[in-house]
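Residue numbers count from 1 along this sequence. Note: hydrogens, waters and symmetry copies are ignored here, and every other heavy atom, side chains too, is used. Order of listing sets the numbers, starting from 1, for every ligand and every atom in it.
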Amino acid sequence: MGEKRNLNFETEVVHTGYDSKQFQGSLNPPIFQTSTFTFEHAEQGEKRFSGEEDGYIYSRLGNPTVRILEERMAALENGEAALAFGSGMAAVSAILVALTKSGDHILCSQGVYGCTFGLLQLMKEKYHIGHNFSSMDTREQLLNAIRPETTCIYVETPINPTMKLVDLEMVSSVAKEKGIPVVVDNTFSSPYLQNPLAIGCDVVIHSATKYICGHGDVIAGIAVGKKEFINEVAMTTQKDIGGVISPFDAWLLLRGLKTLAVRMDRHCDNTDKIFKFLSNHPKVKEVFYPGDHNHPDYEIMKKQMRKPGGLISFAVNGTKETAQKFMNELKLIKIAVSLGDAETLIQHPATMTHSVIPKEDRERMGISDTLLRLSIGLEAWEDIQQDLEQALQKI
Ligand SMILES: *Cc1c(COP(=O)(O)O)cnc(C)c1O
């Protein structure tokens, strides 16, 4: 494997973790499409199992293509070690199960990914691991929400789809005083825009399905943290629950990562343009975007993110049916959940990603029936804007 070099992010996405000399000069990492690895003799097998000798055993426990991805992701997130998983949710569940036992409590930001919410419910009902939500707006609010049995603080920022932010520096300093690890789902920012470990948080999780892959053709997850903790997860919840990534998917992520920096710059530039267009449009009621100077968390964005990101939510004037008609009139923009792809995607949180939340709760969270969430793609912003404009004219 390549040694850890002190290179810029744009260079590390291309090179870190891979040394072509070790792979017969192959410019790109080979795909080690194998379930198991042969030992030269019985004693070698014994030594590999006991840990006396380094080397591969079986692909659920480690695979060379996957290892390259893990080394690269660890470097990109300023972490000591990383693990790749078969989905973002496999990463979330492996980390939360590793950090809790029956009777413990998880304190979450106000708003977490739908399936993370489902997992928290399951952990509460079946294993007596409780959870609560806090907006984490101030130190006092956070301190009040922490319980003696809290063993994990779990944060998403920006929060989907309202684009509210959580101040990671504040949360990590409070958590340090209390000795509680902070886990951040960094999916919306990608490692290019935000590095929670560098701010003092303990574990970063990604749904690599999104910006890390960038091409909408893989379901995968990543967790990054301290070597000791990541090793423990590798040897327990990952190995035994088994949500590992395939070598081919790891290879697709390595391929996607090479363009992460250029893609993110384009996503962000396009989103700035579309924000300006939407916020001046008479048929648009409100727009949620952390790059908006009037956004209540704009200062937090400046402090912890390189740029405001590629996601924007907006409400149209009218009813649920108006929002749906608007979506149906779009020609270029595709109706789909997920985000971070080359294609601009639109979804309707009230009837899609957040439909399981009761209407009153949803509205309290700022998710009205006319709110739409856009994941701005890599197309020319003029074409994205033109598609939005022609559909807005029809409502
Ligand atoms: C998509 C997503 C997940 C889940 O990831 P999968 O790869 O679909 O399992 C978790 N968190 C966030 C913020 C997501 O957007």
Ion pair present between Asp369 and Lys359, side-chain N to carboxylate O less than 4.0 angstrom? yes

Could you list which atoms of ligand 1 come closer than 4.0 Å to a heavy atom of Ser87? 7 (O), 9 (O)

Establish, from distance only, whether the side-chain atoms of Asn28 and Arg255 form a donor-acceptor pair under 3.5 Å. no

What are the atoms of ligand 1, with element, lying closer than 4.0 Å to any heavy atom of Met89? 5 (O), 6 (P), 9 (O)

Below 4.0 angstrom from a heavy atom of Ala220, which ligand 1 atoms are there? Numbered from 1 as shown, please. 7 (O)

Answer yes or no: is there an ion pair linking Lys334 with Glu343, defined by an N-O contact shorter than 4.0 Å? no

Under 4.0 Å to a heavy atom of Asp185 - the qualifying atoms of ligand 1, by number: 10 (C), 11 (N), 12 (C), 13 (C)

closest protein heavy atom to atom 14 (C) of ligand 1 is Lys210 NZ, 3.0 Å

If the cut-off is 4.0 Å to any non-hydrogen atom of Phe188, which atoms of ligand 1 fall inside it? 13 (C), 15 (O)

Can you label the angle between the Tyr289 ring and the Phe275 ring as parallel, tilted or perpendicular, going by 30° and 60°? tilted

Check ion pair Glu177-Arg139 (N to O, under 4.0 angstrom): yes

Can you tell me the protein heavy atom closest to atom 6 (P) of ligand 1 and the distance? Gly88 N, 3.3 Å

